[in-house]
Amino acid sequence: MMEKNYDPKPVESARLASWEAAALGRCQAREGRKPYVIVIPPPNVTGALHIGHALNNSMQDVFIRHHRMKGSDVCWVPGCDHGGIATQNVMEKQLKTEKVDRHVLGREAFLARMQTWTRECKTTILGQLRRLGCMLDWEREAFTMDEERGHAVFFAFKTLWERGLIYRGERLVNWCVRCGTALSDIEVEREERKGNLYHIHYRLESGGEGLVVATTRPETMFGDTAVAVNPKDERWRHMVGKKVVIPFIGRAVAVIEDGYVEFEFGTGALKVTPAHDQNDWEIGQRHGLAAIKAIGPDGKLTEAAGPYRGLSREKAREQIVADLEASSLLRKKEDHKSAVQTCYRCGSVIEPLLSLQWFVKQSDLAKPALRALDDGRFKIYPDNWEKPYRDWLLSIKDWCVSRQIWWGHRIPVWYKDGEQPVVSQESPGSGWRQDADVLDTWFSSALWPLAVFGWPEKTKDFACFYPTATLVTGYEILYLWVARMQMMGLAFDGRAPFSSAVIHGTVRDKSGKKMSKSLGNVIDPLLMMEKYGTDALRFSLLTQAHPGKDIAFDEQSVVGARNFVNKLWNSTRFVLMNLPSEPPTGGYRLEALSHSRLELSDRWILSRYQAVLAGAAGSLDAHDPAAAAEILYGFLWDEFCDWYIELAKTRLLGSEAQGKEETRTILVQILVGTLKALHPLMPFITEEIYGALKAYVGESAPFVLTGGYHPPGREWFNPEAEAEMARVMSAVTAIRSLRSQLNVPLGLKVSAFVAGPDSRMIIEKHGAYLAALAKLAELKASLGARPPHSATAVSEGVTFFIPLEGVIDFDKERQRLVKDLSKAESDVAKIEMKVKNADFIAKAPQTQIDEAHAQHAVARERVARLKETVALLSGGEGSIRPRV
RNA sequence: GCCCAGUUGGCGCAGUGGUAGCGCGUUCCCUUGACAUGGGAAAGGUCAUAGGUUCAAAUCCUAUACUGGGCACCA
């Protein structure tokens with residue numbers, strides 16, 4: 001027996017066990033089959049999954065299950081990313097609590113600990129994906145740093161090297177002082193910060209006034225190798241070619257001219273520090289200036305800083321400013337907002353630093369990616385991301401791929417004195433030492449779709465599963481990851497690694513703020529699953545996952561989804577209660593229904609059902625789970641439960657045997673069809689219910705997925721039935737509304753009399769529906785007169801009189817109707833404007849004109865009947881005969 | 001600075017030319033054998049502003065304002 005309220009826990013664990021026992025997610029390469037393939041965006045092994053992962057993976061699971069339901073082979077590859085800097089930072093924090101430093105531990109021991117941590121973390125993450133219901137092919141689990149992927153990374157590096165696309169050089173790179181490594185340009189974030197603009201006086205070497213430079217970073221002055229002014233700037237012309245002296249260290253630098261300098265900014269004189277500023281670096285290149293490092297990789301000032309050597313950047317600035325002030329070299333200090341670059345992993349301020357790094361040339365790799373986008377081999381949904389994606393590729397710069405950390409793929413280059421460097425996975429022999437750096441974690445991520453199927457080996461899997469279909473991810477890694485996968489895939493294989501990228505939004509807190517541990521607004525998906533069930537969490541996220549849009553996540557929405565899950569459960573309970581304990585042989589079949597026998601509600605719900613199934617599947621084809629969820633939610637709750645089931649109740653209690661069978665057939669068929677359509681969104685409860693219902697629809701598939709979507713049986717589309725049912729609903733609502741206004745509870749059955757042009761038809765064809773839904777004891781034709789003491793409800797083509805002795809206040813009833821009348825009249829006026837507009841009649845399409853005329857007639861007829869009724873009431877009880 | 005998106009009832013969001021919808025919340029009524037994680041009824045919006053196109057605009061166009069994002073930045 002089903003419980004009154006759905007309890008997700010036992011159902012989830014049982015269903016999970018049965019899916020795994022059947023290895024439902026397993027997909028093997030089969031000759032001649034082209035499966036639908038997704039590779040998971042591998043979560044970093046930095047801890048547990050967050051709510052964004054829950055959204056990301058729910059969406060993928062929806063697409064996977066949807067395609068499986070449609071009959072394709074599907075393959076979804078699980079795995080994790082080693083996560084480079086991010087993961088190393090997690091470990092370093094851990095070590096800090098133990099008061100250990102990785103340098104004390106040593107590289108070997110540190111990596112051993114990382115391996116242990118990774119194993120634990122992978123177990124956690126994969127376990128969470130299981131609990132989410134993700135139908136991954138568990139036997140394909142991959143890791144960006146396992147042996148196979150290591151092989152792919154080496155092969156890719158070697159190939160790029162051989163093609164001349166990898167080089168090593170001393171460049172100005174983004175250096176994170178805290179992480180102790182270089183970063184690529186897209187790993188740097190910018191934020192506006194308040195700071196100061198310092199005006200500093202540089203004396204002339206030969207003695208004399210000199211000039212004043214403006215800078216936000218006085219601590220870099222010891223790296224200055226020139227002062228630049230704009231060639232058109234009259235103010236400083238006399239200084240050009242002279243030499244000025246850097247304070248405190250007395251080194252002299254030349255005053256040069258460069259068009260880059262803006263003369264409105266600051267003093268119009270720019271101190272040039274090629275080793276610590278990108279623009280200064282470029283000026284330095286133009287003028288052949290030396291680059292002097294004033295700040296080291298540790299963030300401390302170097303020997304070049306003379307007396308300030310060893311101070312941190314921050315300390316040094318303070319000290320220098322104080323000293324400048326004391327020696328009255330600080331001419332001005334003004335407030336200044338500037339864009340500060342920060343590390344995307346730890347948030348500390350980036351130091352542009354001149355250092356020896358490895359780079360991948362990008363422009364040749366970007367071209368095929370642009371072509372793939374232009375000719376449609378690769379599409380982004382929603383397509384408004386295509387422009388930023390294209391722009392990024394067009395203005396791409398070389399990619400710094402070396403990282404000065406330990407956790408990652410070691411750069412496979414070996415050095416020996418007096419020899420050319422050698423690219424090799426193993427040591428080329430004694431005396432060779434390997435490059436100490438590791439590759440950017442995104443280097444291996446970029447190879448992910450290739451590498452998970454065994455590339456560069458020519459495996460059967462690769463032949464069958466590559467390229468993949470859909471990549472589901474967030475817009476924040478569009479360049480970092482998506483673009484690079486496209487570039488690498490196209491470079492090594494010639495095909496786009498996935499034909500479409502579906503971009504979802506970020507899950508934020510309910511006020512729209514980004515979730516973060518420090519703000520304390522993080523939602524734990526596991527907790528949500530505990531409280532409301534996995535289906536509820538998934539459905540909640542999916543209903544909000546409109547293409548590309550961020551989600552303001554409110555726990556209330558999970559409550560709502562939980563209630564919907566419960567509604568599904570209870571509608572099943574109702575249907576099951578009205579079915580025999582033994583299903584008929586072959587089950588209840590829609591094909592067996594005689595079309596001519598079906599009554600209005602049947603024809604209506606079947607028509608709606610067919611439209612809903614098509615709409616839901618179409619939405620999923622269009623990568624829009626939110627639209628599918630909305631369609632199915634509305635149908636199940638507002639149409640199937642609130643109207644069809646309510647009508648079915650009287651028929652199931654009635655004595656007409658064939659009618660009962662028809663009702664049972666439609667109930668169970670539509671319920672099964674709808675829950676199958678819901679299955680990609682909420683796999684657990686739908687699987688559970690399917691188990692209980694499948695015999696009643698004559699099916700024996702062990703799982704929803706293996707059975708596939710439910711065919712609607714035949715063509716049920718019926719606009720006439722939908723229109724007629726809409727009239728029934730509006731009549732029912734009119735009576736219910738009347739009862740509510742007069743405080744006549746639905747529990748109390750009342751009689752009603754019907755008048756109006758359509759009254760005869762209404763009684764004959766809809767009488768039973770009205771009686772059932774508006775709780776009427778009887779429904780009779782009004783025999784010419786309005787019954788005394790009755791309230792009036794005016795619906796389309798029909799007027800209902802409900803005698804309510806003692807309840808009706810004569811004047812109030814009249815007021816109520818007058819209010820209805822004025823509203824009805826304003827409706828008429830609106831439509832009349834349109835109908836009487838000559839331009840409209842002349843230019844609008846005929847269908848529109850016909851429709852407007854019909855609406856006009858209906859509205860006018862309603863007004864007429866309301867007027868009549870009001871007149872009746874004004875003339876006293878029942879004294880005037882209504883027109884029938 | 002350039003580009004993109006958003007601006008719809010208290011909150012969160014649908015809605016790509018024909019008299020504005022959903023969820024949550026609010027008010028009133030109802031514990032009637034699927035479900036109070038429920039049912040019924042109702043209140044609440046001149047669809048950011050100003051123009052334009054059109055017989056007809058939330059929807060198309062143009063400007064403006066605000067919000068968010070991407071890219072590029074003047075030290």
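All of these numbers come straight from a predicted model, not from anything done at the bench.
Counting non-hydrogen atoms of neighbouring residues, nucleotides and ligands closer than 6.0 angstrom, the CG atom of A:Asp638 exceeds 12 such neighbours.
The base-pairing partner of B:rU37, taking Watson-Crick or G-U wobble contacts with both distances under 3.5 Å, does not exist among the strands shown. As the counterpart of B:rA48, B:rU64 is assigned, both hydrogen-bonding distances of the Watson-Crick or G-U wobble pattern falling under 3.5 Å. Using the Watson-Crick or G-U wobble rule with both distances under 3.5 Å, B:rC22 pairs with B:rG12.
Considering only side-chain N and O atoms, A:Trp385 lies nowhere under 4.0 angstrom from the phosphate OP1 or OP2 of B:rA5. OP1 or OP2 of B:rG40 has not a single side-chain nitrogen or oxygen of A:Ser737 nearer than 4.0 Å. OP1 or OP2 of B:rA72 lies within a sub-4.0 Å distance of a side-chain N or O belonging to A:Arg190. Regarding contacts with the backbone of B:rU19, every side-chain N or O of A:His856 stays at 4.0 angstrom or more from both OP1 and OP2.
The pair A:Arg193-A:Glu191 counts as a salt bridge, with a side-chain nitrogen and a carboxylate oxygen less than 4.0 angstrom apart. Between A:Asp391 and A:Lys387 there is a salt bridge, with a side-chain nitrogen of the basic residue lying less than 4.0 Å from a carboxylate oxygen of the acidic one.
A:Lys387 comes within contact range of the sugar-phosphate backbone alone, with a heavy-atom separation under 4.0 Å but no base atom that close. The residue A:Tyr633 sits close only to the backbone: its heavy atoms come under 4.0 Å of sugar-phosphate atoms, none of a base. In this structure, A:Lys567 reaches the bases: a heavy-atom distance under 4.0 Å links it to at least one base atom across the strands shown. Using a 4.0 Å heavy-atom distance criterion, A:Arg562 is classed as a base contact. Across all strands shown, A:Lys649 has heavy atoms under 4.0 Å from base atoms, whether or not it also approaches the sugar-phosphate. Within the 4.0 angstrom heavy-atom criterion, no nucleotide atom of any strand lies near A:Asn578. The residue A:Asn5 sits close to a base: some heavy atom pair falls under 4.0 Å.
Nearer the 5' end of RNA chain B, as judged by each residue's closest nucleotide, is the contact made by A:Asp839, out of A:Gly268 and A:Asp839. Between A:Gln556 and A:Ile186, the residue whose closest nucleotide on RNA chain B is further toward the 5' end is A:Gln556.
Checked against A:Glu219 for a salt bridge (charged side-chain N to carboxylate O under 4.0 Å, His left out), the options A:Lys271, A:Arg317, A:Arg313 give a single hit: A:Arg317.
In this structure, the side chains of A:Glu351 and A:Gln341 stay at 4.5 Å or more apart for every pair of heavy atoms.
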